[in-house]
Amino acid sequence: MNPVAVLRASHLVTLTGPARPRVGPEMLDLAIIRDGGMLIRAGLIETVAPSEEIERALPNDAEVFDAAGRIVLPGFVDAHAHPVFGGNRVDEFEMRAGGATYEEIAANGGGIRSTVRQTRAASEEELLLQAQKRAEWFLRCGTTTMEAKSGYGLSVDEELKILRVIRQLNETTAIEFVPTFLGAHAIPDEFDGRPDQYADCVVHEMLPEVVRQDLAEACDIFCEEGYFDAAATRRILGAAKAAGLMLRVHADQLTNSGGAALAAELGALTADHLEQTDDVGIAALRKAAVQPVLLPGSVYALGKTGYPKARAMIESGLAVVLATDFNPGSSPTPSIPMILSLAATQMKMTPAEAVTAATINAAYSLRRGDKIGSLEKGKMANFSIFDCEDYRELAYYFGLPQTHAVYVRGRQVYPR
Ligand code: NIG
Ligand code: FE
C-alpha cells in the first residue's frame, strides 16, 4: 500500500491531547489545524501538520487526497448501538404519533419483545444481510467504529446467533464492531412472571457460552422497573465481571431507580441513557470514574423532552460520551451528526464538546482510546471528510448528509 497524503483540510480536527478521556474545559479543545494535512503509512498516521509541510516532504509514491477546503474529523465512534435485529417497529412509531407511549406499547406485548419475535424468526443469513445494510448507513454518516449489542434473542441459541452475526459484520464490513452481550434486555415471553429463572438462564447458560466462544467484550443490562431490578443487576453483572467482561448499564432511562449509583458501585465502564439521573447519581459516577453515555436520539424519537443533564455532568468532571443508541424501538438513527445537533440544541453542549464526546471520549469508553478517536501520530487513519468549511456546521445544519468521503486505515470506504 502506497503512503497516503491528505491535503488542504480547512479544519483538520485532530483532538490531539492527553492520552485519556477529556473532561471539563478539555472537551472544548479540538486541537484544530487550519489548512491541515496528514501523511499515512500502512494505515497508520505518521504526520499531522499544516498542509504545506506535508506537501514539502511528500514521498514520490504518495497517493494524494485533496480535501479542497473541506473539514476532516476522526471517524466517529458510536459507543452504544443495537444494530442486529429482525424487521422494524414502524407500526409502533405510527402508534406513538397517535399518542401511545413507549411504556404502554411495551406493556401490551410490543416493544423489545416484538423485535425479539421478529429476530427469532429471521435466519442468521437474513440478520446479517439486514445488519450489513445498516452498517452502510453508519459509514455514510461518518462512523468507523461502533459498539453492537445482542439483546433481541433472549435464549442461549438466539443470543449466540446475534453475536455470531456481529462477528461476521466485523469480517465483512469496513466498520470495526465491538460486541456487547445484552441477554438481560427484557424478560422473554416464555419466562413471563419468572424473572429470577430468566436471570438464572442468563448467568448459568448464556454467559458461560458467550465467554467460552469469546463473543463479547462487555455485558450490559436494562436496569429498569419491569425489566431488571437492582438485585438482578447486581447478580448478572457480578457474574459477568467475574467472567472477565467489562460492564455497561442501561441506567435511569425511564425512571430514576438509582441505576447510575449502581453502575458506580459495580465498577461499570459506562452508565448509559441517564435521562432521569439526579445530582446524587452524577456524584456517584464521578467518584467511580464511570463514563456517562448520553443518547439524545432516544429522547427525541420517543417524543419526550427529558434530556439528560449534560451540563451538570461536564461541570462535575465526567468524561461524557454521545452515541446514537441505534435500535428499532427508541432510536432509529445511525447518524452521529444528528446526535451532535441534538446535543447542542437540547442539552446545551457546544459543538466542540459534542465532537469530543463522539470521538476520543467514545473511543476510551470502548477501551480503544490508544488506537482511534483522534488524528495523532501512531493512531489508525480512520477519518471522514465533510462538505463544510467549519466543523460547527456539522451540528448546525441538520437533516442533510454532509459526508464527502470516509476512510478506514487510510483506505476510502465511502463512497465506494
Ligand atoms: O436503549 N432501553 C432499552 N433498550 C433500548 C430500546 C430497545 C428497543 O426498544 O428495542 C434503548 O433505548
Ligand atoms: Fe440502548
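For ligands, and for the atoms within them, numbers begin at 1 and follow the listed sequence.
Judged as a salt bridge (charged side-chain N to carboxylate O under 4.0 Å, His left out), and not counting sequence neighbours, the contacts of Glu190 are Arg120. Residues satisfying the ring pair (Phe, Tyr, Trp, His ring centres under 6.0 Å) test with Tyr227, not counting sequence neighbours, are Phe222.
No salt bridge links Lys304 with Glu275; every basic N to acidic carboxylate O contact stays at or beyond 4.0 Å. By the 4.0 Å N-to-carboxylate-O rule, Glu176 lies too far from Lys371 to be salt-bridged with it. Under 4.0 Å is where a charged nitrogen must lie from a carboxylate oxygen, and between Glu26 and Arg20 at least one such pair does. A salt bridge does not link Lys133 to Glu136: none of the charged side-chain nitrogens sits closer than 4.0 Å to a carboxylate oxygen. Under 4.0 Å is where a charged nitrogen must lie from a carboxylate oxygen, and between Asp189 and Arg117 at least one such pair does.
Listed as neighbours of ligand 1 are His80, His82, Arg89, Tyr102, Ile112, Tyr152, His185, Phe222, His250, Gln253, His273, Asp325, Asn327, Gly329, Ser330, each bearing a heavy atom under 4.0 Å from the ligand.
Side chain of Glu353 to backbone of Thr350: a donor-acceptor contact under 3.5 angstrom is found. The main-chain N or O of Ala352 is found under 3.5 Å from a side-chain atom of Thr356 such that the two form a donor-acceptor pair.
With a cut-off of 2.8 Å, the protein N/O/S atoms near the Fe ion (ligand 2) add up to 4.
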